[in-house]
Amino acid sequence: MTMQLSMHLGMLFFILCFLGFISFPAEAAVKMYQFDIRVKNVSRLCHSKPIVTVNGRFPGPTIYAREGDQVLVHVTNHAQYNMSIHWHGLKQFRNGWADGPAYITQCPIKTGNSFTYNFNITGQRGTLWWHAHILWLRATVYGAIVILPKEGTPFPFPRPHRSTKIILGEWWNSDVETIVNQANKLGVPPPTSDAHTINGKPGSLFPCSKKHTFTMEVESGKTYILRIINAALNDELFFAIAGHSMTVVEIDAVYTKPFSTQAVLIAPGQTTNVLVKADQAPGKYFMAARPFMDAPVPVDNKTVTAILQYKGIPNTVPQSSLPILPALNNTKFALNYNSKLRSLNSQQFPANVPLKVDRHLFYTIGLGANPCATCQNGTQLMASLNNITFVMPKIGLLQAYYLNISGVFRTDFPDRPPVQFNYTGAPLTANLATSSGTRLSKLAFNSTVELVLQDTNLLTVESHPFHLHGFNFFVVGSGIGNFNPAKDPAKFNLVDPPERNTVGVPTGGWTAIRFRADNPGVWFMHCHLELHTMWGLKMAFVVKDGKSPEESILPPPKDLPLC
C-alpha cells in the first residue's frame, strides 16, 4: 500500500469517525480510533534509540468509552515488525477475532497492512489497558482503556474531582528485540531493564531525566482517582505516594470493598484504581514505584519517581522525601495486601461465584532446561505448565478451530501433571527436561471450572502473574506450600472473593480460581512475565459452542489478517 493511499484511507476513517459520533445516541455510541504503528526515535537516560509506537506516542493513546459502547480501532502497521494488539481484560464475548494475541486468535498484521478491531464493551466498566501481543513489542506499545459507567450510573464511591492515569513500565537503553534474540541464541535470560517508568518517564533519580518526570497537579481538599496500570514486562511493583494514603476501590475493572493502604502491589497485566485525597500541606510530593521479588531472581531494583504537586506551588519548591515502599522481598506485605482484596458483592454489582464445579484442573508451573547444541551451557532455559512447553503455531488457533483445519493443535492438555512430587520442597535440579507441544484443553459451554495453579521449585520458586483471556475469574483461595485438596478447599472464599483477569501465584505457593466457561472460542492463558511467556509458560482453552447461535462463535471479519 502506498503512503498516499494510506493517508486517504486514514482521512476517510476519521470522516467516518465524526459521522459515528454524531449518528449514535450517547448511551450506545460507536467510538473509533486510528492506530498508526510507527518507529520513532526517543531519548531516555541519556540514550536515544528507535522504538515502536502508536501514533508516535509513548505510552500510546488512551481508549475512552462507556459501558455498552462499540469500539473500532483501525490499526495500520508501518513498522518493520509484524504487529497485533490485545485489549487486556475485555471479555470479547463470542468475538475472539478481536482479542489480539498473535497466532492464538489472529495472524499478525504484516508491515504495510491494516486490520480493524471491532468489539463491544458489555457489562464492564473501569480501567483496563491495551498492548502489543507479539514478540517483546509491548515494551513500548501499550496504553490505557478507560471505560466509564453508563450515563446516569454513579460510582459506588464518592465521585472524584478528576482521574489520572499512572502507567508503570520498563525501559531498556538497548533495542529490546536485539537483546532478546541474543539471549535466546545463548539459552539465557536477557538483561533486566535499565529503569522503570511512570507514563513513559523514569523520573528525577535518573541521569538526563529532569524533563522526563511525570507531574500530577492537585487542588487542596479535592479527591482524585488514580488509574494504576502495570505495563512492565517482568516486574511486580510496589507503588506509593509520600505523605498520602490511598483507598483501593477497583481491580482489573471490577469494584472492590474499599480499604486504605500506604502502598499498592500490582503485577504485570493488572490494574488498580485508588482514591487519593489532597489533604496534606501544599507542596511537592514524590510518587514512586520499585519491584517486589521474594525469590533469588535478578530484577531491575531501581526506583521510578513522579511528582504530585499542589496547585499554586512554584516549581522551585523542593520535593518531599521518597515515600516508604516495602522492601524488595517483603512477602508478608504482599500476602497481607492481597488478602484485603474483596469483591464489592452488592445488589448492583454481585459476585456470581460458581458454587458447583464441573471440572477440576490442577496445573503445575515449572522452569526447565532442554538440550541446545548452540546455547551457552548446552541447554536452553524453558518454562512449562504440567511439564508441557507450549509451541506457538504458524496460523491462528481460533482460525484453525473455526475452519476445522487439522494438524495445528491437539486438545489433550492434561488436567493434572504427569508426575506428582513435593512441588515446593528443596530445589530440584535433575530431570529438568520438558515436553513440547501445541496442546489445548477443551471445555464444555457454560461448564464451571476450578483451576489450581501450583508453583514448583524446579530450578527455583517464583511468583507468576497469570492472565486468562476472554474471562474474569474469582480468586477463591491462595496459600504457601503445596495445595492440599483434602483441607484447603474448606477455606475457600465463595462469598466475596476478588474478581479479576490476572492473578499472582505466590512464590512457592498456589492460587485457586473459578470461572464459568460461557464464552465460546479459543482463549489464551499465560504467565504475564514476558520472559516466561517466551519460554513457553502458556496454554489455551477451547470453549465449545452452546446450543443456539447466540451461544456460538461469531464469523470472522473479512479483513482478518492472513499468515
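Note that the structure is predicted; figures quoted are calculated from it, not measured.
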For residues 474-482, run the donor-acceptor check on the side chains, cut-off 3.5 Å, and write out each pair with its distance to 0.1 Å, sequence neighbours left out.
from, atom 1, to, atom 2, distance (Å)
S478, OG, W510, O, 3.1
S478, OG, T511, OG1, 3.4
N482, OD1, T424, N, 3.1
N482, OD1, T424, OG1, 2.7
N482, ND2, N422, OD1, 2.9

- prompt: Any sub-3.5 Å donor-acceptor pair from N230's side-chain atoms to I266's backbone N or O?
  reply: yes
message: I'd like to know if D488 pairs up with K491 as an ion pair, taking the criterion as any Lys NZ or Arg NE/NH1/NH2 lying under 4.0 Å from an Asp or Glu carboxylate oxygen.
response: yes
- request: Look at atom NZ of K311 and say whether more than 12 heavy atoms of other residues, nucleotides or ligands are closer to it than 6.0 Å.
  value: no
field: Flag if over 12 foreign heavy atoms under 6.0 Å of NZ, K277
entry: no
task: Answer yes if the side chains of D99 and T105 hold a donor-acceptor pair under 3.5 Å, and no otherwise.
output: no
- prompt: Counting only heavy atoms not in K257, do more than 12 fall under 6.0 Å of its NZ?
  reply: yes
Carboxylate-amine/guanidinium proximity below 4.0 Å for R359 and E450: no
task: Determine the sole option in F390, F466, F413 for which the ring-ring contact (aromatic ring centres under 6.0 Å, His included) test with Y363 is passed.
output: F413
message: Check this for me: does any side-chain nitrogen of one of R516 and D518 sit under 4.0 Å from a carboxylate oxygen of the other?
response: no
- request: Report yes or no: do H464 and H526 form a side-chain donor-acceptor pair below 3.5 Å?
  value: no
query: Just one of P326, P323, P291 clears the side-chain contact (heavy atoms from CB on, under 4.5 Å) bar with F238, so which one?
result: P326
field: Plane angle bin for H131 and H528 - parallel if under 30°, tilted between 30 and 60°, otherwise perpendicular
entry: perpendicular
task: Give the C-alpha distance, both sets of side-chain angles, the deciding distance and a yes or no for ring pair (Phe, Tyr, Trp, His ring centres under 6.0 Å) between F471 and F473.
output: CA-CA 6 Å; F471 299 90; F473 49 74; 9.4 Å; no
- request: Report yes or no: does N386 contribute a side-chain atom to a donor-acceptor pair with the main-chain N or O of P414 at less than 3.5 Å?
  value: yes
